[in-house]
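Predicted model only: the values in this text are computed from it and were never measured. The figures that follow rest on heavy atoms only: side chains count, while hydrogens, waters and symmetry mates do not. Letters A, B, ... are given to chains in the order of the sequence lines, protein chains preceding strands, and every chain is numbered from 1.
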Protein chains: 2
Amino acid sequence: MVTMSDVAKAAGVSRATASYALRGDPRIVPQTAAKVREAARALHYTANLSARSLRSGRNGVIGLAIFELDRAYPSEMGAAISREANRHGLQTIVQETSNSKEGEIAILQKVTSQLCDGMIFSPGNVNDEELRQLSGGKPMVLLDDISPDPVFDTVNTPCEAGSQAAIDHLIEIGCKNILAVGAHYESLTEDLQSTSVSARRLYGCLKSFDEHDIEVEPENFLHVLWNPEEARDLAHRVAKSGRRYDGVFCMTDTIAMGFIRGLADCGISVPKDMAVVGFDGINETEYFIPSITTVSTDLSDLASKAVNLLLRRIEEDGEISEPQRLTADFKLVKRSSTERSDLRITL
Amino acid sequence: MVTMSDVAKAAGVSRATASYALRGDPRIVPQTAAKVREAARALHYTANLSARSLRSGRNGVIGLAIFELDRAYPSEMGAAISREANRHGLQTIVQETSNSKEGEIAILQKVTSQLCDGMIFSPGNVNDEELRQLSGGKPMVLLDDISPDPVFDTVNTPCEAGSQAAIDHLIEIGCKNILAVGAHYESLTEDLQSTSVSARRLYGCLKSFDEHDIEVEPENFLHVLWNPEEARDLAHRVAKSGRRYDGVFCMTDTIAMGFIRGLADCGISVPKDMAVVGFDGINETEYFIPSITTVSTDLSDLASKAVNLLLRRIEEDGEISEPQRLTADFKLVKRSSTERSDLRITL
DNA sequence: TTGAAAGCGGTACCAC
DNA sequence: GTGGTACCGCTTTCAA
């Protein structure tokens with residue numbers, strides 16, 4: 001392994017000078033700097049990040065912790081963040097928490113807070129106070145944090161506005177009896193700011209119903225775990241229940257896909273018999289049959305907001321500003337799953 | 001930040017003793033060890049990985065580099081490896097190479113080889129010689145490496161046997177005119193061991209045709225980039241070509257999904273008009289409509305083989321054994337996309 | 001403008 | 001069995 005001493009020796013300067021030169025410190029005269037750079041290149045020198053990190057606390061790497069690597073939304077988000085960080089000259093390391101408290105603690109405490117300049121984190125099972133401890137003082141940006149009293153910068157997904165747009169769309173295309181899948185009607189009791197993602201999406205639904213003067217009952221909302229298996233089962237139960245819905249808003253695309261699959265199992269066709277809207281905008285929605293109308297979270301925007309917040313914290317020296325809370329953009333992408341043939345005929 | 005000196009002081013021992021005690025060195029007497037552990041717990045001490053790594057070259061973290069985070073197969077593989085590593089008490093950090101040479105170099109040179117005890121890597125644009133340089137001497141296991149003369153341990157996906165099983169299945173259900181999508185017929189000229197994944201999958205197809213005494217022509221094979229967009233376009237062209245296939249083997253599930261989508265665009269129904277088999281076994285194949293028959297690579301097996309090979313290298317001291325080449329298990333998962341109604345009637 | 005040297009937080013050798 | 005201490009590779013004061 002070639003070290004900076006090797007480079008310094010080859011260039012005929014001291015280690016200190018080599019260090020300054022390689023990092024472009026203006027104190028070093030151009031000739032010396034060029035000599036050092038040349039030596040580094042010739043020797044294929046690469047700085048040792050552990051050493052740099054140990055000494056200066058910085059190494060140009062940021063950490064991202066997501067629930068699960070193998071689910072579409074978090075992994076697409078990870079890709080977006082990774083690419084955005086690259087644009088700023090940073091490397092991103094991704095880890096999965098497996099949505100368990102031990103996982104989150106292990107990652108933050110053992111890895112991310114030690115090996116990275118800062119981290120972006122989807123908290124699931126640790127609260128802000130624990131996070132503060134686990135962060136080891138390193139900058140952190142949270143994704144969809146639900147603390148009433150935020151300690152860290154946060155970027156939220158556009159839950160309220162997005163869900164509202166979804167229901168608006170179903171109403172627009174003529175749906176008269178809409179079902180929202182993903183949250184209990186009862187979950188909406190708490191303070192909205194500090195509440196869960198599902199409750200915030202539910203809130204958006206209610207807002208839309210309200211603005212359209214549509215009365216809803218608890219039966220218009222069904223809770224389900226956010227995975228396709230459960231959604232599929234739920235669709236079976238809905239199909240057998242006899243209750244007739246003509247439009248469904250699923251709080252995630254994965255739910256939507258499972259739900260549509262479940263409807264298909266029971267001979268109910270989307271969009272002919274029922275229109276379906278998803279949320280997230282994962283790539284698969286375009287290739288699913290039918291392609292799925294979805295509230296597409298703008299992941300580039302989310303990534304850019306998160307990385308910029310993090311960089312601000314990493315670069316700020318001492319003076320700590322108020323934690324910020326931003327929301328990512330979205331757009332409603334209309335596809336087959338809400339194309340109503342009856343509507344098309346009237347056009 | 002609480003350091004080992006703090007722990008040592010609190011426990012009334014030296015730093016050296018504290019270090020030994022915390023790592024369970026048998027030389028330390030149980031009482032002393034307990035004292036140290038208690039102090040560490042009370043102070044919420046966590047070892048600094050950069051420091052440990054700098055000194056000992058080990059920190060319990062392995063690196064995984066995959067092409068793209070936001071594609072199903074690599075991310076499911078990443079999840080499997082991450083979980084397998086956890087089982088061995090290791091943390092995994094995942095990075096995406098974006099399938100570019102610069103990406104691969106940056107990751108290996110700047111991050112993985114420095115911050116990790118070893119790495120698992122899908123090479124795409126760097127050859128073995130470059131890899132050896134970039135690895136910095138750290139242990140590395142490759143995934144689907146195609147070097148004629150392997151330098152590193154490798155775990156391959158079951159290309160030949162899997163593709164053969166796929167074609168076998170299509171033949172079994174009565175397909176008479178089969179199309180394989182994903183590789184040129186011409187790509188099969190080179191030495192099989194050192195050839196690309198697509199060529200190896202192609203070879204499996206040919207083996208099956210051969211064993212069933214089925215004559216094939218170049219028209220039975222169509223090349224396409226391995227993404228759903230291209231596959232969808234290709235399906236459009238196939239549909240319009242007039243050539244009648246009754247069974248299609250797509251070399252990845254993503255191709256299969258895009259292809260089925262494209263067929264649907266043209267009014268061709270799967271499996272009624274055409275049976276389709278995919279490869280990889282990604283989760284979505286189960287929820288796609290129709291659900292997709294696929295050659296499912298056993299990712300737990302792949303992960304276990306890769307992690308075990310890596311651990312062996314990390315733990316081996318000096319004595320270097322021959323590079324090993326293993327192949328992951330698979331199973332053919334039969335689903336709707338190859339359910340032939342005509343066959344079902346005759347049963 | 002450059003160099004000497006201290007030190008980041010651990011590990012591991014060697015002496016006691 | 002435990003402690004002193006050199007050292008991993010780099011950054012960063014401080015002096016020259």
**Request:** Applying side chain to side chain contact (heavy atoms under 4.5 Å, CB included) between B/Leu69 and each of A/Thr92, A/Ile81, A/Leu69, report the one that passes.
**Result:** A/Leu69
**Prompt:** So how far is it from A/Leu310 CG to A/Ile62 CD1, rounded to the nearest 0.5 Å?
**Reply:** 5.5 Å
**For atom CD of A/Gln31 and atom P of C/dT1, their distance in whole Å** = 12 Å
**Message:** Does B/Glu129, at its CD atom, have more than 12 non-hydrogen atoms belonging to other residues, nucleotides or ligands within less than 6.0 Å?
**Reply:** yes
**Message:** Between B/His88 and B/Asn308, is there a side-chain heavy-atom distance shorter than 4.5 Å?
**Reply:** yes
**Residues B/Glu104, B/Lys101: salt bridge by 4.0 Å N-O rule** = no
**Message:** Under a 3.5 Å threshold, yes or no: a donor from one side chain and an acceptor from the other, between B/Arg15 and B/Ser19?
**Reply:** no
**Message:** Any residue in residues 20-29 of chain A with a heavy atom nearer than 4.0 angstrom to DNA chain C? Just list them by number, or reply none.
**Reply:** A/Arg27, A/Ile28, A/Val29
**Complete:** Note: for B/Ala16 and A/Thr3 on DNA chain D, the residue whose nearest nucleotide lies more 5' is B/Ala16
**Asked** Is B/Val13 close to B/Tyr20 at the side-chain level, that is, under 4.5 Å between some pair of heavy atoms?
**Response** no
**Asked** Once you round it to whole Å, what is the distance between C1' of C/dT1 and CZ of A/Arg15?
**Response** 19 Å
**Message:** Just so I know, are the side chains of A/Asp301 and A/Lys305 near enough to count as touching, which here means a heavy-atom distance under 4.5 Å?
**Reply:** yes
**Prompt:** Is any side-chain heavy atom of A/Leu311 less than 4.5 Å from a side-chain heavy atom of A/Leu90?
**Reply:** yes
**Asked** With a 4.5 Å limit on heavy-atom distance, are the side chains of A/Gln109 and B/His44 in contact?
**Response** no
**Prompt:** Does the side chain of A/Ile105 come within less than 4.5 Å of A/Leu134's, by heavy atoms?
**Reply:** yes
**Asked** Hey, is the side chain of A/Ser14 poking within less than 4.0 Å of OP1 or OP2 on C/dT2, counting only N and O atoms?
**Response** no
**Fill in**
Ordered by number, residues from residues 105-118 of chain B within less than 4.0 Å of DNA chain C (heavy atoms) are none
**Request:** Show your working on side-chain contact (heavy atoms from CB on, under 4.5 Å) between B/Arg325 and B/Asp153 and close with a plain yes or no.
**Result:** CA-CA 6 Å; B/Arg325 197 164 246 180; B/Asp153 294 328; over 6 Å; no
**Prompt:** So where does chain A start and stop touching DNA chain D, 5' to 3', when the test is distance under 4.0 Å to a non-hydrogen atom?
**Reply:** D/dG9 to D/dT13
**Side-chain donor or acceptor of A/Lys138 paired with backbone N/O of A/Met119 under 3.5 Å** = no
**Complete:** Across all chains, not counting sequence neighbours, the side-chain contact (heavy atoms from CB on, under 4.5 Å) partners of A/Glu76 are A/Ala72, A/Ile282, A/Asn283, A/Leu299, B/Asp70
**Message:** Is there a side-chain contact between B/Asp25 and B/Arg23 in this structure, where contact means two heavy atoms from C-beta onward sitting under 4.5 Å apart?
**Reply:** no
**Request:** Pull out every residue in residues 47-57 of chain B that has a heavy atom closer than 4.0 Å to any atom of DNA chain D, ordered by number, or say none.
**Result:** B/Leu54, B/Arg55
**Request:** Starting from the first five and the last five pairs of the helix from C/dT1-D/dA16 to C/dC16-D/dG1, work out the angle between the resulting helix axes, to 10 degrees.
**Result:** 40°
